Amino acid sequence: MEKAYDHLRTESDWYRKWEASGLFTPDVKATGVPFSIILPPPNVTGSLHIGHALTLSLPDIIVRRKKMQGFNVLWLPGVDHAGIATQMMVEKNLKKERNLSKEDLGREKFLQLVWEWKDLSEKKIVAQIKKLGLALDWSRMKFTLSDEMQRVVRKVFVQLYREGKIYQGTYMVNRCPNCKTVLSDLEVEHKEVHGRLTYIRYPLKKDPRRWIVVATTRPETMLGDVAVAVNPKDSRYKKLIGQEVLLPLAGRAIPILGDDDVDKHFASGAVKITPAHDPLDFKIAQKNKLEKIVVIDELACMTGPIPGKYLGLDRFACRREILADLRALDLIEKEEEYVHNIGHCQRCETVVEPNISRQWFLKTADLAHPAIRAVLEKQIVFIPEKWKKVYFNWMENIQDWCISRQLWWGHRIPAYYCQECQEVVVAEENPGRCTKCGGARLVQDEDVLDTWFSSALWPFTTLGWQNDSPDFKTFYPTSIMATAFDIIFFWVARMIMMGIHCAEAVPFREVLINGLIRDDKGQKMSKTKNNAVDPLEIIREYGADALRFTLAIQAAPGMDISLSINRIKGYKTFANKIWNASRYVIMNLRGDEDLRIDVRRISDADKWILQLLNATVEKVNVLFDEYHMYEAADLIYHFIWDEYCDWYLEFSKNDLESPHTRSVLKLTLFRILQLLHPFMPYISEEIYQKIKTDKDFLLQTEFPAFNKDFVFPETFAAVEVLKKVVAETRKTRTENRIEPNKKIPIYLACDSPAEKEQLLKHLRYFDFLARSLKTEIVDDLSVLPKGFRGVSQNWEILLPFASDEDRLRELQRLTGEHDKLGKLIAQMEGKLSNSEFVGKAPAEIIQSFKKNLQEYIEKKAKIGKTIDDLS
RNA sequence: GGGCGAUUAACUCAGCGGCUAGAGUACUACCUUCACACGGUAGGAGUCAGAGGUUCAAAUCCUCUAUCGCCCA
C-alpha cells in the first residue's frame with residue numbers, strides 16, 4: 001500500500017464496478033423488507049451545486065446502511081424538466097449566441113433546442129451524482145417530461161377535470177411581463193421596496209372645487225379606476241357615499257362607495273378601486289358588482305379605453321407621465337416616502353403585474369384536508385418535527401393553484417377547443433372531433449402545466465402506479481423523502497395531496513428536511529454572489545468521501561450548514577489516517593487470522609477495543625435510527641482516531657506475535673470499514689478489498705450490530721486506568737522537558753491492590769507507551785530518589801530528578817496545583833453540604849459528586865505530602 | 001403584522017437540565033520512534049449575546065432586550 005492515501009485513484013472506478021454488479025438494483029421479489037427513497041429530481045438547468053450534494057448524499061448514507069442491514073432497498077433517480085427555469089435558460093442562450101428569440105424559431109424548433117439542452121444537462125448531472133457515489137438504481141431512471149410521464153400527467157389531469165377539481169376560470173393572477181407567463185402565488189417573492197405614496201385629488205362631480213384625496217403607490221392604475229371606496233364607519237367620508245367624482249385625466253365619472261374592507265387609518269382613508277390590477281380591489285369590485293377595466297396588458301404596457309397619449313407606454317414610463325400631468329393640474333396633494341412589499345418573479349426578479357385572465361386552476365380545499373390529517377395522524381412525520389407547523393400553516397390557508405403557464409417547455413394541457421361550437425374538450429388523446437357538435441376543427445390549448453404539477457405526482461408515477469406495476473405494489477408508499485425546507489410548499493405539500501388523492505396512500509412516511517448550505521460567512525450561496533461552490537471541484541481536490549463526511553457531520557437536522565473548506569481538509573486528513581491505520585493492520589496480517597474471535601485467548605487490550613467497538617456500534621445504530629447521522633459520524637470519527645489509532649494500534653504492537661490479537665486487528669478494521677461505508681463509500685471499499693471476506697463488496701456485508709460476546713467491563717476499566725497512568729506520565733515528562741525519546745526509569749505507586757495487580761499485567765504496554773527504561777511499582781514513593789510527580793486517581797508517578805533545579809521547578813508546579821484543587825474541593829463541598837441539593841438531586845448524581853470529591857481530596861493530600869517531601 | 005431560527009474558543013460549528021463546556025481548522029512547544037509530518041506528545045485559548053426568573057443545579061427551561069438571518073401575509 002502507498003504511504004499516502006490517493007483519493008483520485010480510489011474514487012476513479014469503484015462506481016462503475018458497483019453499478020455493473022447490479023448492487024444498486026433491487027429485485028421486487030427479494031425477501032428483505034422494502035425500503036424506498038425517490039431522489040428529489042434535480043432540474044435540468046445546468047449542473048448540480050453544493051446544496052444538491054447535501055440533499056442527495058444524506059439519503060444515500062441512510063440507503064447504504066439499510067442495504068447492509070438486509071432491507072430490499074430502492075433508491076430511484078430522475079431529473080426534472082423544470083419548465084420555466086429551463087426554458088428561460090435556453091432562451092437566454094439563444095439570444096446570446098444567435099441573437100434570436102424563441103418566436104423566431106417557432107415552437108417546434110425551439111423545443112428541439114430545449115431537448116438538446118436537457119440531454120446535455122442530464123448527462124452532466126448524472127456524472128456528478130455518480131462522482132458523489134450515490135447508490136442509485138439507474139435502471140429505473142425517470143424524467144418528468146418523458147413520454148410515459150406525459151401520458152400519466154394527462155391521465156391525472158383528465159381524472160381531476162372530470163371530478164371537477166380542475167377548472168378554467170377568469171381570475172386575478174400574477175403575471176411576469178418578462179417571462180410572459182402567469183405564476184402561482186408561490187412563485188411570487190415579496191420584497192421590501194422603497195416607493196412613494198402619492199396623494200391625489202379626485203374632484204367631486206357636483207362641486208369640482210371640492211375633492212376627495214386617495215393615496216396610491218401606483219398612479220398609472222388610476223386610468224382603470226371604477227370607484228373610490230371609503231369605510232362606511234368613517235365619519236369624514238360617510239356623507240360622500242353615493243356621490244360621484246370625476247376621474248382626472250380619464251375624465252370619467254365614478255362613484256364613491258362604502259366598503260368594510262377599507263382601512264380608514266391607512267393614508268387618507270379613501271382608496272381608488274382598480275379591479276383589473278389589484279387583488280383587493282378585485283375583491284371589492286366583485287362584491288359591489290363593479291366593471292373591470294383592463295388598462296395594462298400582458299407585457300405591462302398601457303392599453304384599453306384610456307387617453308391616446310398613454311397608450312402603449314410601459315407601466316413605469318406611464319407612471320412618470322401621469323405624475324407630471326397631475327402635477328400640472330395641481331391635483332397632487334402630497335407625496336410620501338413609503339416602504340412596502342412588492343411581488344417579484346421568483347425566476348427573473350421582475351415586478352409582477354396582477355392581471356385578470358382565463359387560466360386553469362386546481363381546487364385545493366378538498367385535497368388539503370386529507371393531507372393535513374395524514375400529518376396530524378402521523379402517517380407522515382416531519383424530521384425535525386417543527387416543520388410540520390410550517391406545513392399546517394400553509395395548508396390551512398391554501399388557495400386554489402393556478403396550474404397553466406404560457407410556456408412551451410412542459411406538459412401541454414390536454415384541452416381542445418372546438419372552432420365550431422367553442423366547446424372545451426378535455427381528453428388524454430386528441431379526440432379528433434368535437435364531442436358536442438362533431439366538428440373536426442379542434443385546437444389544443446397552447447399552454448403547458450406548472451412544472452410542479454408533474455412533480456406532485458412524482459412518487460407514485462415513477463413507481464408505475466399507472467400500470468399497477470410490481471414496483472408500485474412493493475415500494476409505495478416510499479419510506480423517506482429528503483429535501484430542503486425551501487420547497488415544502490412547492491413540492492412536499494403537493495406530493496402529499498396528490499399522493500393521497502390519486503394513489504390512495506401517503507407518498508412517503510417520513511420527510512427529512514435539511515438546511516441550506518451557506519458559505520463560511522453564513523451567506524446563501526448563489527452564482528450572482530460568486531460564492532457558489534462546484535461540488536466537482538471539491539471532490540477533485542479533497543475527495544467525495546471527505547465531502548460526504550463533512551456534509552454528514554455538519555448536518556444537524558434542519559440546520560443550515562456553513563461550508564468551510566478547512567473542515568473538508570480536516571476530513572481528507574481523516575481519510576489518510578484511516579488509510580495508514582489500515583496499512584499498519586494489513587502489513588501485519590499473516591493469513592492465519594480468524595474473524596470468529598476466541599475471547600478466551602485474546603489480550604486485555606483486544607478485549608478493551610472490542611468492548612469499545614461494541615458500544616460504538618450500539619450508539620451508531622441508535623443515532624442512525626433517530627436520523628442523527630451527524631452524531632454517528634462524529635462518534636465514528638473519534639472512535640477511529642482517538643481510540644483505535646491512538647491506543648489500540650499502539651497496544652497491539654506488543655502483541656503482534658499472537659494470532660488472536662491479529663484476528664482482533666483484522667475484525668476491528670473490518671467493522672470500522674463497515675461503519676464508515678455509508679459515509680465514505682470509496683475508501684472503505686478500497687481497503688475492504690484487501691481484507692475481503694466472502695462478499696465481493698462491502699455493501700453486501702452485514703452492518704455491525706451489538707455483539708453480546710464482546711462485553712468485558714472489568715478488563716475495559718483496567719485498560720482505561722492504564723491509559724490514564726500513561727497519559728499522566730507523558731504529561732509529567734513533557735511538562736518537565738524530559739526528552740520524548742529518552743527512556744527513563746519510572747516509579748509508580750498505587751493505593752488499590754487490585755489496580756496494581758492489573759497494571760503489573762499490562763506493564764509491557766506501559767513501558768512501551770511511556771518510554772520507560774524500567775518501571776517499578778512500589779508501596780511508598782518517599783523512600784525513593786526525589787523526582788517529578790504526577791497523580792492520576794489512585795496512582796502516583798515519580799520520574800527521578802536530574803538536578804536540583806528540577807526539584808525547585810517541581811515544587812512550584814505542585815504548589816499551584818495544590819491551590820487549584822483546594823478551590824475545586826471547597827466548591828464541591830459547598831454543594832454537598834447544601835441540604836437542598838442533597839435532598840432533591842438524584843442519588844446517582846450525588847454519588848458521582850461524592851466520588852469525585854473523594855478523588856480530589858486524595859489527590860490533594862498526595863500533592864501536599866509530596867510538597868513536604870521536596871521542601 | 002404573524003411565525004421560525006441563530007448568537008458557545010481566532011474561524012466554522014456540536015452540546016440543549018447534572019462531574020473542571022467539546023470538535024475540526026488555526027495557534028504554541030517539543031519530536032522525523034519501524035501505519036501515518038495529511039503524523040505524534042503535550043499545551044494555550046471561551047464571564048456559552050445581555051438582563052431578569054424557575055431549579056438543589058442553567059450554555060441547556062421561561063420572560064424580556066439587542067443583533068443577524070429566514071418564511072408567511
Side-chain angles (χ1 to χ4, degrees), chain A residues 1-7 185-186 189-190 341 343 384 386-387 389-390 393-394 397 485-486 488-489 515-516 518-524 542 546 549-550 553-556 558-588 628 630-631 633-634 637-638 641-642 645-646 649-650 652-653 726-727 729-743 768-771 820-821 823-825 827-828 830-832 834-842 844-853 855-856:
Chain A
M1 285 171 82
E2 297 294 321
K3 199 168 164 184
Y5 174 59
D6 179 355
H7 67 269
D185 296 341
L186 276 179
E189 282 180 355
H190 294 269
N341 276 311
K386 64 172 189 187
W387 291 108
K389 272 207 258 178
V390 177
N393 190 347
W394 189 69
N397 298 299
F485 64 80
D486 53 345
I488 288 179
F489 306 141
L516 299 177
R518 300 171 180 284
D519 68 10
D520 56 7
K521 288 174 194 70
Q523 300 270 316
K524 206 167 161 173
Y542 305 101
F549 203 84
T550 310
I553 207 165
Q554 291 218 82
M559 295 294 299
D560 287 354
I561 291 178
S562 293
L563 193 75
S564 105
I565 293 294
N566 272 340
R567 259 194 111 140
I568 303 176
K569 254 186 225 165
Y571 296 116
K572 177 180 180 251
T573 322
F574 177 50
N576 188 61
K577 186 74 178 178
I578 295 163
W579 180 257
N580 276 290
S582 308
R583 194 160 82 99
Y584 162 78
V585 172
I586 290 163
M587 267 169 34
N588 286 297
H628 283 209
Y630 69 110
E631 284 183 275
D634 189 64
Y637 178 94
H638 290 289
W641 202 312
D642 300 348
C645 292
D646 286 356
L649 295 188
E650 295 304 315
S652 77
K653 285 173 186 173
V726 169
T729 308
R730 284 168 170 171
K731 191 176 146 194
T732 310
R733 288 184 69 126
T734 325
E735 273 173 353
N736 297 296
R737 299 174 190 285
I738 298 171
E739 279 176 55
N741 289 327
K742 193 176 171 194
K743 290 201 173 186
F768 179 70
L769 295 171
R771 306 237 105 211
K820 208 169 133 191
L821 275 170
K823 275 185 206 154
L824 197 59
I825 288 165
Q827 213 178 46
M828 293 185 79
K831 258 187 183 168
L832 282 168
N834 181 336
S835 62
E836 296 215 73
F837 171 68
V838 178
K840 292 187 183 173
E844 61 269 25
I845 297 292
I846 296 178
Q847 221 35 55
S848 76
F849 258 77
K850 280 185 177 163
K851 191 172 143 257
N852 286 326
L853 177 60
E855 271 169 25
Y856 294 148

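To find a chain, count down the sequence lines: A is the first, B the second, and so on, and within it residues start at 1. Note that this is a predicted model, so its numbers are computed, not measured.
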**Student:** Between B:U65 and B:G1, how far apart are the P atoms? Round to whole Å, please.
**Tutor:**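 Roughly 13 Å separates the two P atoms.
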**Student:** Identify which nucleotide among B:A37, B:A42, B:G40 has an atom closest to any side-chain atom of A:D646, counting heavy atoms from C-beta outward.
**Tutor:** B:G40
**Student:** For A:W387 and B:C71, give me the distance from atom CH2 to atom C1', rounded to whole Å.
**Tutor:** 8 Å
**Student:** Whether the side chain of A:K653 and the base of B:A35 hold a donor-acceptor pair under 3.5 Å is what I'd like checked.
**Tutor:** yes
**Student:** Using Watson-Crick or G-U wobble geometry with both distances below 3.5 Å, tell me the partner of B:A42, or none.
**Tutor:**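 Looking at the geometry, B:A42 pairs with B:U28.
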**Student:** Between the side-chain atoms of A:E650 and the base atoms of B:A35, is any donor-acceptor pair under 3.5 Å?
**Tutor:**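 For A:E650, whose side chain was compared with the base of B:A35, there is a donor-acceptor pair (under 3.5 Å).
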**Student:** Partner of B:U55 by Watson-Crick or G-U wobble geometry, both contacts under 3.5 Å, or none?
**Tutor:**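 Partner of B:U55: none.
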**Student:** Between A:I553 and A:D642, which has a closest nucleotide on RNA chain B that is more 5'?
**Tutor:**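 Counting from the 5' end, the first nearest nucleotide belongs to A:I553.
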**Student:** Strictly by Watson-Crick or wobble contacts shorter than 3.5 Å, is anything paired with B:U20, and which nucleotide is it?
**Tutor:** none
**Student:** Which part of the nucleic acid does A:F489 contact within heavy-atom distance under 4.0 Å: base, sugar-phosphate only, or nothing?
**Tutor:**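 The answer is sugar-phosphate, as A:F489 gets under 4.0 Å only of primed atoms, P, OP1 or OP2.
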**Student:** Starting at CG of A:N397 and ending at P of B:G2, how long is that distance when rounded to a whole Å?
**Tutor:**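 Distance check: A:N397 CG to B:G2 P gives 16 Å.
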**Student:** Pick the C1' atom in B:U55 and in B:U20, then give their distance to the nearest Å.
**Tutor:** 22 Å
**Student:** When the P atoms of B:A10 and B:A49 are considered, how many whole Å apart are they?
**Tutor:** 13 Å
**Student:** Taking the side chain as every heavy atom from C-beta outward, state whether A:Y5 and A:N580 have any atom pair closer than 4.5 Å.
**Tutor:**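 SC-SC contact between A:Y5 and A:N580 ruled out.
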**Student:** Please report the distance separating the C1' of B:A51 from the corresponding atom of B:G44, rounded so that it comes out in whole Å.
**Tutor:** 32 Å
**Student:** Sticking with atom P, work out how far B:A45 lies from B:G53, rounded to a whole angstrom.
**Tutor:** 31 Å
**Student:** What class does the angle between the rings of A:W641 and A:F574 fall in, given that below 30° is parallel, 30 to 60° is tilted and above 60° is perpendicular?
**Tutor:** parallel
**Student:** What is the distance, rounded to the nearest whole Å, between atom CG of A:L649 and atom P of B:G39?
**Tutor:** 15 Å
**Student:** Atom CG of A:N580 to atom C1' of B:A35: distance rounded to whole Å?
**Tutor:** 5 Å
**Student:** Could you measure between the two P atoms, the one in B:A59 and the one in B:C16, and give it in whole Å?
**Tutor:** 14 Å
**Student:** Let me know the distance between CZ of A:F485 and P of B:C70, rounded to the nearest Å.
**Tutor:** 10 Å
**Student:** How long is the span from the CE atom in A:M587 to the CE atom in A:M1, to the nearest 0.5 Å?
**Tutor:**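 Output value for this atom pair is 9.5 Å.
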**Student:** Pick the C1' atom in B:C11 and in B:A26, then give their distance to the nearest Å.
**Tutor:** 8 Å
**Student:** Would you check if the distance from the ring center of A:Y571 to the ring center of A:Y637 is below 6.0 Å?
**Tutor:** yes
**Student:** Does a side-chain N or O of A:R583 approach OP1 or OP2 of B:C36 to a distance below 4.0 Å, or not?
**Tutor:**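 Affirmative; the distance criterion is met.
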**Student:** With respect to the side chain of A:K577, which nucleotide from B:G24, B:A35, B:U12 is positioned closest?
**Tutor:**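 Comparing B:G24, B:A35, B:U12 against the side chain of A:K577, the answer is B:A35.
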**Student:** Using purine N1 to pyrimidine N3 plus N6-O4 or O6-N4 for Watson-Crick, or N1-O2 and O6-N3 for G-U wobble, both under 3.5 Å, which nucleotide pairs with B:G5?
**Tutor:**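 When the pairing criteria are applied, B:C68 turns out to be the nucleotide that pairs with B:G5.
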**Student:** Under a 4.5 Å cut-off applied to non-hydrogen side-chain atoms, are A:N576 and A:K572 in contact?
**Tutor:**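 With C-beta onward as the side chain, the pair stays apart.
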**Student:** Could you state the atom-to-atom distance from CD of A:Q847 to P of B:C19 in whole Å?
**Tutor:** 16 Å
**Student:** CZ of A:R730 versus C1' of B:G40: gap in Å, rounded?
**Tutor:** 9 Å
**Student:** Atom NZ of A:K389 to atom C1' of B:C71: distance rounded to whole Å?
**Tutor:**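 The answer, rounded to whole Å, is 13 Å.
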**Student:** Map A:Y571 and A:N588 onto RNA chain B by nearest heavy atom, then report which one ends up closer to the 5' terminus.
**Tutor:** A:Y571
**Student:** Checking side chain to side chain donor-acceptor pair (under 3.5 Å) for the pair A:S652/A:Y584: CA distance, chi angles, key distance, verdict?
**Tutor:** CA-CA 11 Å; A:S652 77; A:Y584 162 78; 2.7 Å; yes
**Student:** Taking the minimum atom-to-atom distance to the side chain of A:W641, which one of B:G39, B:G24, B:C38 wins?
**Tutor:**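 For A:W641, the side-chain atoms sit closest to B:G39.
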**Student:** Rounded to whole angstrom, note down the C1' distance from B:G15 over to B:A23.
**Tutor:** 10 Å
